[in-house]
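A short write-up of the structure that comes next.
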Amino acid sequence: MRMVILLLGSIFCLAFMGCSKIYGPVEEVKAFINEKDDVILQISKKIEANPSEAGVDEAQKILESKKDSLKAKRQGIRDKSQSINSDWMTMLAQSDVNDNKYFEAIRVKLAADCKAACSPAQAKLSKIEDDFKAAVR
């Protein structure tokens with residue numbers, strides 16, 4: 001009887017220790033999403049402050065300065081053990097949807113506020129969005 005209880009207790013302990021792998025890289029995903037949101041917010045603020053081609057150029061500089069960090073965080077998530085719980089994957093997918101919404105809002109705001117020659121600014125904004133997506137995927 002003692003042996004069975006000891007064996008069951010040992011199995012429970014081993015299973016409990018292995019549970020950390022069930023949840024996956026949740027903290028890393030949260031940090032990655034927070035940084036992505038911060039970069040998009042900074043881009044948005046630059047363009048809102050200066051809704052022109054020059055403002056979009058400033059936003060591009062922000063992205064360039066953060067691109068390596070975003071790539072490193074994304075790689076860190078890939079390098080972590082993949083778990084059976086997909087909550088972190090759902091978080092990433094929802095974040096991607098939100099990124100698209102944020103860039104669409106920036107595009108609409110730029111088009112509304114742009115005084116003259118919006119086409120070059122909008123083209124550059126599309127390039128920023130493409131560069132951002134390449135960095136975070």
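When all heavy atoms of Arg78 and Arg137 are compared, the pair lying nearest together is NH2-O, 2.5 Å. Between Leu125 and Val56, the closest heavy-atom pair is N-CG1, 3.6 Å. Counting all heavy atoms, side chain and backbone alike, Leu92 lies closest to Ile33 at N-CD1, 4.4 Å. Taking both residues in full, the closest heavy atoms of Ile128 and Ala59 are given as CD1-CB, 3.9 Å, listed atom of the first, atom of the second, then distance. Nearest approach of Cys118 to Ala111, heavy atoms of both residues: SG-O, 4.5 Å.
When atom types are taken as modelled, the side chain of Asn34 and the backbone of Lys30 share a donor-acceptor pair closer than 3.5 angstrom.
Counting heavy atoms of neighbouring residues, nucleotides and ligands inside a 6.0 Å radius, atom NZ of Lys73 exceeds 12 of them. Residue Lys67 qualifies as enclosed at atom NZ: its count of foreign heavy atoms under 6.0 Å is above 12.
A search for salt bridge (charged side-chain N to carboxylate O under 4.0 Å, His left out) contacts involving Lys71 returns nothing, not counting sequence neighbours.
Using a 4.5 Å cut-off on side-chain heavy atoms (C-beta onward), Leu70 and Val39 make contact. Contact annotation: the side chain of Ile40 approaches that of Ile106 to within less than 4.5 Å [non-hydrogen atoms, C-beta and beyond]. At least one side-chain heavy atom of Phe32 sits less than 4.5 Å from a side-chain heavy atom of Val136. Residues Glu48 and Leu110 are not in side-chain contact: their nearest non-hydrogen atoms beyond the backbone lie 4.5 Å or more apart.
No option in Glu129, Glu58, Glu53 other than Glu53 meets the salt bridge (Lys or Arg N to Asp or Glu O under 4.0 Å) test with Lys124.
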Passes salt bridge (Lys or Arg N to Asp or Glu O under 4.0 Å), Glu35 versus Lys66? Steps please.
CA-CA 9 Å; Glu35 184 165 350; Lys66 300 288 186 171; 5.3 Å; no

Please walk me through it: do Glu104 and Asn100 pass side chain to side chain donor-acceptor pair (under 3.5 Å)?
CA-CA 6 Å; Glu104 179 62 29; Asn100 290 334; over 6 Å; no

side-chain contact (heavy atoms from CB on, under 4.5 Å) between Gln122 and Arg107, worked out:
CA-CA 7 Å; Gln122 289 173 335; Arg107 227 183 340 273; 5.5 Å; no

side-chain contact (heavy atoms from CB on, under 4.5 Å) between Ile47 and Lys109, worked out:
CA-CA 9 Å; Ile47 293 173; Lys109 182 79 171 145; over 6 Å; no

For Tyr102 and Ile43: C-alpha separation, side-chain torsions, deciding distance, then whether side-chain contact (heavy atoms from CB on, under 4.5 Å) applies.
CA-CA 10 Å; Tyr102 297 151; Ile43 289 170; over 6 Å; no

Check the pair Lys61, Asp57 against salt bridge (Lys or Arg N to Asp or Glu O under 4.0 Å), reporting the backbone distance first and the verdict last.
CA-CA 7 Å; Lys61 290 176 186 173; Asp57 288 339; over 6 Å; no

How far apart are the C-alpha atoms of Asp99 and Asp37, what are their side-chain angles, what is the distance that settles it, and do they pass the side-chain contact (heavy atoms from CB on, under 4.5 Å) test?
CA-CA 8 Å; Asp99 294 346; Asp37 290 348; 4.1 Å; yes

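The distance from atom CG of Asp79 to atom CD of Glu28, rounded to the nearest 0.5 Å, is 10.5 Å. Here the CZ-CG distance, from Phe103 to Asp130, works out to 9.5 Å after rounding to the nearest 0.5 Å. Here CD1 of Ile62 is found 11.5 Å from CD of Glu64. Values are rounded to the nearest 0.5 Å.
The existence of a salt bridge linking Lys36 and Asp96 is confirmed by a sub-4.0 Å separation between a basic side-chain nitrogen and an acidic carboxylate oxygen.
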